[in-house]
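Step one of this worksheet: look at the structure below.
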Amino acid sequence: MKVDLLDTLRHQNPIVFNISNFVTVQDVANGLNALGASPIMSEEVAEAEEMVGLSSAVCLNLGAFTQTQVEQIRKVGEVANQQHKPLVIDPVAVGAVAYRKMIANNLLTHFHPDVIRGNAGEIAALADVDWQAKGIDAGEGTGDLVAIAQACAQKLKCVVILSGPTDVITDGTRVVKVMNGTPLFQVHVGSGDMLSSIVAAFCAVEADYFEAAQTACLVFAAIGERVAQATPNLGAGSFSVQLMDGLQLTTTAQINAIAAYQ
Amino acid sequence: MKVDLLDTLRHQNPIVFNISNFVTVQDVANGLNALGASPIMSEEVAEAEEMVGLSSAVCLNLGAFTQTQVEQIRKVGEVANQQHKPLVIDPVAVGAVAYRKMIANNLLTHFHPDVIRGNAGEIAALADVDWQAKGIDAGEGTGDLVAIAQACAQKLKCVVILSGPTDVITDGTRVVKVMNGTPLFQVHVGSGDMLSSIVAAFCAVEADYFEAAQTACLVFAAIGERVAQATPNLGAGSFSVQLMDGLQLTTTAQINAIAAYQ
Amino acid sequence: MKVDLLDTLRHQNPIVFNISNFVTVQDVANGLNALGASPIMSEEVAEAEEMVGLSSAVCLNLGAFTQTQVEQIRKVGEVANQQHKPLVIDPVAVGAVAYRKMIANNLLTHFHPDVIRGNAGEIAALADVDWQAKGIDAGEGTGDLVAIAQACAQKLKCVVILSGPTDVITDGTRVVKVMNGTPLFQVHVGSGDMLSSIVAAFCAVEADYFEAAQTACLVFAAIGERVAQATPNLGAGSFSVQLMDGLQLTTTAQINAIAAYQ
């Protein structure tokens with residue numbers, strides 16, 4: 001686990017190009033900015049090549065799903081592959097909505113992601129493992145989360161992050177679990193989207209995406225945990241503000257002090 | 001007034017499908033989440049049937065008004081009716097913009113809302129009562145708010161919420177007024193949109209929509225009032241954060257303690 | 001410098017029509033509202049004439065850039081000119097993305113802005129001055145910021161605001177510099193977009209746009225500076241909340257007390 005990557009990220013200030021979920025786009029941009037990366041966004045396919053060219057990593061959030069946006073997502077994914085820029089995918093709600101799973105599976109025939117970040121229901125859907133998903137949230141099944149994540153990673157030949165109370169990160173063989181976090185992440189709508197873009201930011205500064213992915217998870221989870229523990233009975237609104245502060249102000253030493261992973 | 005519905009809502013955690021105003025979509029999602037419901041959003045008409053099928057209630061915000069979105073709104077409204085899911089409409093700015101009134105009136109020939117939530121100018125416009133509206137805000141006319149709300153409810157055969165410093169809730173005959181609230185709601189852009197979606201969340205757990213609507217108004221207004229009174233000279237930014245905390249943490253007992261309605 | 005314009009603005013509560021960047025639209029709406037203006041937004045070209053007609057000023061943010069939105073922006077700009085409503089342009093990322101510069105230059109053949117607000121890279125691009133820009137942020141070149149701003153203002157025959165640690169405001173001849181501010185503006189994604197819309201709000205209440213522009217810059221920068229100084233080691237999330245509070249609660253006397261311009 002290379003927590004020092006956070007210092008590298010803050011030093012290099014990499015540009016991360018996001019095709020974002022329209023629900024959470026501002027939070028994602030502010031989160032990347034607070035952490036030390038530079039977010040750029042676009043909805044226009046005509047500038048796809050140029051935006052990818054400017055960027056050190058790309059994050060495609062599949063919660064932005066009009067047919068026009070699907071065209072843009074496909075083009076951006078293809079260009080990211082061509083330009084050898086790290087590509088992170090967030091398959092929002094593919095576990096709950098058959099239409100989204102169909103679109104996601106089709107997109108995955110056009111480009112190859114380096115990292116996929118989703119909850120249990122989403123990762124299971126991509127791995128074609130049976131799982132109950134409810135809305136955009138993970139269901140409460142009994143499957144083996146590690147086995148699901150590994151199945152997805154092996155099938156799609158990429159790093160997979162199955163995030164939840166415990167994050168499971170795997171390249172299909174090796175597995176790391178991050179146990180930091182707080183239930184408040186689930187009350188804040190943009191948490192998953194933000195993590196996906198932060199994973200892209202770490203991939204911009206670390207060519208080993210398995211290392212980048214696990215570090216991103218630990219950094220994000222530990223910062224959330226510190227914020228939640230600092231104030232008793234913290235509410236969802238205050239958490240989202242203080243999470244943003246934490247992304248900016250938390251040091252690697254503070255993260256290392258509470259890091260819980262194996 | 002069934003304030004205990006808030007506990008039911010928190011226990012059932014209903015999925016509410018929102019076609020949202022692009023300005024306030026994140027706040028609406030976070031507000032529903034904080035209160036105890038599960039928001040889902042979509043901009044793609046192709047997944048309309050599936051998204052409605054997943055949901056226990058639907059809220060259509062008519063502030064999201066490209067022609068493509070109008071098609072989606074019409075389809076979602078029709079499907080909600082077909083699937084007998086409670087349907088809440090927020091007719092943003094129909095009192096100020098003739099184009100929006102025309103579109104809204106056309107949409108209302110395609111589906112039947114169970115509840116309409118708007119300010120005085122918006123409800124008057126739908127009722128075809130003369131009223132001065134300014135921008136998206138209610139004007140300062142002299143009409144009888146109760147009469148306007150009843151006219152709209154009778155014309156459209158649904159429950160109407162005319163919200164403002166006093167909320168008027170009516171099914172066309174019966175009338176309840178909620179006197180809780182704070183002027184800070186008017187400084188926070190997403191307040192009305194958030195209330196509309198919260199009304200939908202209550203309709204998901206109470207089949208009597210007149211009861212659901214009045215309870216939603218009381219819960220939202222009372223939580224805002226408590227938040228505003230807790231801090232002297234509270235600013236608009238802090239209010240929006242603390243409102244989110246309040247939606248999550250306020251108990252039915254705390255709401256009952258200050259409830260003001262008749 | 002007419003700081004009292006802030007009181008005029010709060011008294012008149014002008015309606016400002018914004019074609020907004022989808023990333024920051026909610027922050028912009030809340031910021032205008034907090035300051036004392038009335039924001040309205042639209043994505044539909046069919047209501048362009050009516051929305052401009054309702055408004056006292058128009059702000060076009062060129063970070064919202066699908067081809068459909070370009071059509072809408074062009075129409076709204078043309079209508080603003082026809083109706084003699086003050087028109088403010090925010091040319092997001094034209095310094096970094098050639099596609100955006102091409103589109104912006106084309107749009108500027110269809111309508112005439114009264115004020116342009118951008119960072120050094122963006123203003124240099126519109127002035128056709130060489131400058132290094134990175135992402136959406138200004139690069140760190142060595143050009144003379146005043147000369148760049150003047151060149152842009154003379155070329156496009158309008159008031160130009162080149163904003164940064166020092167804001168340069170010029171009508172091509174006269175120059176005012178505003179030295180207030182805080183580095184936290186750069187950590188908060190919506191700062192520039194918010195300033196542009198606030199400039200429009202001041203243009204709604206002051207027909208001398210050079211005066212309106214410089215006052216808007218001073219008011220915004222001074223409020224940010226006061227907020228940042230009030231709390232040691234303020235984080236990005238808390239800054240955005242307290243900036244909103246400051247926009248609402250800061251008095252002209254408090255601004256005058258720290259105003260730094262020449």
Side-chain angles (χ1 to χ4, degrees), chain A residues 20-30 43 62-70 73 92-104 133-140 183-194 231-245, chain B residues 10 12-56 64 66 68-69 71-72 188 194 223 227 237-250:
Chain A
S20 277
N21 188 322
F22 68 97
V23 181
T24 61
V25 57
Q26 185 167 10
D27 244 31
V28 169
N30 274 317
E43 291 190 325
L62 306 190
F65 246 357
T66 63
Q67 289 180 23
T68 306
Q69 288 165 323
V70 170
I73 287 169
V92 176
V94 295
V97 185
Y99 175 78
R100 296 206 183 176
K101 183 177 173 183
M102 179 192 74
I103 297 285
K134 178 188 177 194
I136 55 169
D137 304 317
E140 298 183 41
L184 281 164
F185 277 129
Q186 291 165 34
V187 190
H188 178 59
V189 173
S191 299
D193 302 333
M194 201 184 287
T231 308
N233 206 23
L234 190 66
S238 296
F239 174 68
S240 71
V241 173
Q242 292 175 27
L243 177 63
M244 215 62 88
D245 290 350
Chain B
R10 286 171 173 164
Q12 292 190 11
N13 187 28
I15 295 178
V16 179
F17 178 31
N18 303 272
I19 308 297
S20 279
N21 189 322
F22 69 97
V23 181
T24 61
V25 56
Q26 185 167 11
D27 245 30
V28 169
N30 275 317
L32 281 172
N33 222 9
L35 189 69
S38 266
I40 59 175
M41 268 77 174
S42 167
E43 292 190 324
E44 173 52 59
V45 68
E47 59 187 6
E49 295 210 27
E50 210 176 342
M51 297 298 268
V52 175
L54 283 170
S55 308
S56 298
T66 63
T68 306
Q69 288 165 323
E71 292 303 301
Q72 186 207 9
H188 179 58
M194 202 183 289
I223 290 175
V227 164
S238 296
F239 174 68
S240 70
V241 174
Q242 292 175 26
L243 177 62
M244 215 63 87
D245 291 350
L247 289 170
Q248 183 188 7
L249 303 173
T250 308

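These numbers were taken from a predicted model, which means no experiment stands behind them. Protein chains get the first letters and strands the later ones, always in sequence-line order, with residue 1 at the start of each.
Among the candidates Ser240(A), Ala236(A), Gly190(A), the residue making the largest number of heavy-atom pairs closer than 4.5 Å to chain B is Ala236(A). With chain B as partner, the option from Thr68(A), Asp27(A), Val241(A) having the largest number of non-hydrogen pairs under 4.5 angstrom is Asp27(A). Among Met41(B), Glu47(B), Met244(B), the residue with the largest count of heavy-atom pairs under 4.5 Å with chain A is Glu47(B).
Of all the heavy atoms in Val97(A) and Met51(B), the pair that sits closest is CG2-SD, 3.7 Å.
For chain A, the nearby parts of Glu43(B) are the backbone and the side chain; heavy atoms of each come within less than 4.5 Å.
To the nearest 0.5 angstrom, Leu234(A) atom CG is 5.0 Å from Gln242(A) atom CD. Residue Leu35(B) holds its CG atom at 12.5 Å from CG of Asn30(B), rounded to the nearest 0.5 Å.
The main-chain N or O of Ser42(B) is found under 3.5 Å from a side-chain atom of Gln72(B) such that the two form a donor-acceptor pair.
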